[in-house]
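Heads up: the structure comes next, in structure tokens.
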Amino acid sequence: MKTSKLYAFLFAAAVMASAAAGCSDSNSDKNEPAAQPAATVATENLEALEPPVEHGPAGENQVEAEIGAEVNANDTGFTLNGVIDGGHNDDGTKCLYFDITLRNETDTAYTLSTLNNFYIIDGNGEEIYSDVRSQLYANKNFNSEKYFADPFDIPSNGQFSGVIGGYTVDQGLNEFTLCFFPTGNDPRAKETVFQYHITEADIKAADSSLKK
């Protein structure tokens with residue numbers, strides 16, 4: 001009698017365990033989203049992506065330019081109006097800024113920055129890029145209606161004019177090449193570069209209208 005009851009108990013436990021396992025699998029299937037075929041997902045992602053724009057080497061098309069004269073490329077008209085010495089620092093450096101005018105000849109507004117679009121080449125061929133310290137100095141000491149820190153916006157079919165930069169360089173650096181990439185609304189479009197050969201006579205001290 002005892003043996004019969006034991007077999008009945010074990011049989012009932014086995015049935016319950018099997019039912020519980022079935023419920024667990026069923027709930028798991030309901031909670032997990034249905035997997036999409038890998039090929040379908042990959043096709044949808046490819047259709048959502050635009051084909052990448054291919055660019056040539058940066059600076060392969062060098063355009064010699066002069067202060068005060070507009071040069072054009074990439075639906076952009078660019079004029080370097082002047083080079084400004086913003087002042088000297090105690091560590092033997094000075095801050096340089098650039099007075100520019102830029103015309104956007106397209107119906108698309110875009111944003112530029114000194115870090116991506118400008119750089120200086122000194123007499124040793126070393127490339128010098130914009131320095132956040134000089135921008136902080138300008139924000140503190142320059143007229144906010146004339147000075148624009150990074151980034152600065154170029155309106156569609158419009159014009160930007162103002163002082164941008166700057167660059168922290170040795171006090172003795174009075175001759176260098178200023179380079180500007182007219183990238184337009186594609187920050188990687190750097191095939192063309194405008195180059196300005198700056199001499200000591202081109203560098204002017206910041207006037208009273210620029211200072212606060």
Does [atom1] belonging to [X] count more than 12 external heavy atoms closer than 6.0 Å?
{"X": "Glu70", "atom1": "CD", "value": "yes"}
{"X": "Glu64", "atom1": "CD", "value": "yes"}
{"X": "Glu127", "atom1": "CD", "value": "yes"}

What distance do [X] atom [atom1] and [Y] atom [atom2] have between them, rounded to the nearest 0.5 Å?
{"X": "Asp131", "Y": "Cys95", "atom1": "CG", "atom2": "SG", "answer": "7.5 Å"}
{"X": "Asn89", "Y": "Arg133", "atom1": "CG", "atom2": "CZ", "answer": "7.5 Å"}
{"X": "Leu178", "Y": "Ile120", "atom1": "CG", "atom2": "CD1", "answer": "6.5 Å"}
{"X": "Lys94", "Y": "His88", "atom1": "NZ", "atom2": "NE2", "answer": "5.0 Å"}
{"X": "Glu200", "Y": "Asn174", "atom1": "CD", "atom2": "CG", "answer": "4.0 Å"}
{"X": "Asn139", "Y": "Leu136", "atom1": "CG", "atom2": "CG", "answer": "6.5 Å"}

Take Val193 and Asn61 through the side-chain contact (heavy atoms from CB on, under 4.5 Å) test and state the conclusion after the steps.
CA-CA 6 Å; Val193 60; Asn61 179 27; over 6 Å; no
Report yes if the side chains of [X] and [Y] come closer than 4.5 Å at any heavy-atom pair, otherwise no.
{"X": "Thr177", "Y": "Tyr196", "value": "no"}
{"X": "Arg103", "Y": "Asn72", "value": "yes"}
{"X": "Val163", "Y": "Phe148", "value": "no"}
{"X": "Asn74", "Y": "Thr192", "value": "no"}
{"X": "Ile128", "Y": "Val169", "value": "yes"}
{"X": "Phe78", "Y": "Pro182", "value": "no"}

I'd like to know whether the aromatic ring centres of Phe194 and Phe181 sit less than 6.0 Å apart in this structure.
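So the answer is no for these two rings.
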Ring centres under 6.0 angstrom apart (Phe142, Tyr97):
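Ring centroids of Phe142 and Tyr97 are less than 6.0 Å from each other.
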Under 3.5 Å, is there a donor-acceptor pair between the side chain of [X] and the main chain of [Y]?
{"X": "Asp85", "Y": "Gly87", "result": "yes"}
{"X": "Asn141", "Y": "Ala138", "result": "no"}
{"X": "Asp122", "Y": "Asn124", "result": "yes"}
{"X": "Asp170", "Y": "Leu173", "result": "no"}
{"X": "Lys140", "Y": "Gln135", "result": "no"}

Donor-acceptor contacts, no H, no angles, side chain residues 151-160, under 3.5 Å, sequence neighbours left out:
residue	atom	partner	partner atom	Å
Asp153	OD1	Thr111	OG1	2.8
Gln159	NE2	Ser161	OG	3.3

Phe180 and Thr114: side-chain contact (heavy atoms from CB on, under 4.5 Å), yes or no, with the steps?
CA-CA 9 Å; Phe180 168 67; Thr114 52; over 6 Å; no
Side chains of [Y] and [X]: any donor to acceptor distance under 3.5 Å?
{"X": "His197", "Y": "Glu175", "value": "no"}
{"X": "Lys190", "Y": "Asn116", "value": "yes"}
{"X": "Asp91", "Y": "Thr93", "value": "yes"}
{"X": "Thr101", "Y": "Asn81", "value": "yes"}
{"X": "Ser113", "Y": "Asp150", "value": "no"}

Check the hydrophobic clustering (I, L, V, M, F, W, Y; side-chain heavy atoms under 4.5 Å; chains of links allowed) and say if [X] and [Y] are grouped together.
{"X": "Leu102", "Y": "Val63", "value": "yes"}
{"X": "Ile84", "Y": "Tyr147", "value": "yes"}
{"X": "Leu210", "Y": "Leu80", "value": "no"}
{"X": "Tyr129", "Y": "Ile121", "value": "yes"}

Candidate pair Tyr167 and Phe118, rule side-chain contact (heavy atoms from CB on, under 4.5 Å), full reasoning
CA-CA 10 Å; Tyr167 296 77; Phe118 294 82; 2.9 Å; yes
Can you pull out every side chain to side chain donor-acceptor pair (under 3.5 Å) where at least one residue sits in residues 203-212? Sequence neighbours excluded, please.
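The answer is Lys146-Ser209, Asp207-Ser209.
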Does the pair Ile198 and Ile203 meet the rule for a side-chain contact (heavy atoms from CB on, under 4.5 Å), with working shown?
CA-CA 8 Å; Ile198 307 301; Ile203 305 173; 4.0 Å; yes
Do Asn104 and Thr106 pass the side-chain hydrogen bond (donor to acceptor under 3.5 Å, both in side chains) test, and can you show the C-alpha distance, the side-chain angles, and the key distance before you say yes or no?
CA-CA 6 Å; Asn104 177 5; Thr106 74; 2.8 Å; yes
Thr183 and Asp186: side-chain hydrogen bond (donor to acceptor under 3.5 Å, both in side chains), yes or no, with the steps?
CA-CA 6 Å; Thr183 58; Asp186 184 351; over 6 Å; no
What is the minimum heavy-atom distance between [X] and [Y], and which atoms define it?
{"X": "Val71", "Y": "Ala65", "result": "CG1-CB, 3.8 Å"}
{"X": "Gly82", "Y": "Ile67", "result": "N-CG2, 4.3 Å"}
{"X": "Thr76", "Y": "Tyr110", "result": "OG1-OH, 3.5 Å"}

Should the pair Phe176 and Phe98 be assigned to parallel (<30°), tilted (30 to 60°) or perpendicular (>60°) ring geometry?
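Phe176 vs Phe98 ring planes: perpendicular.
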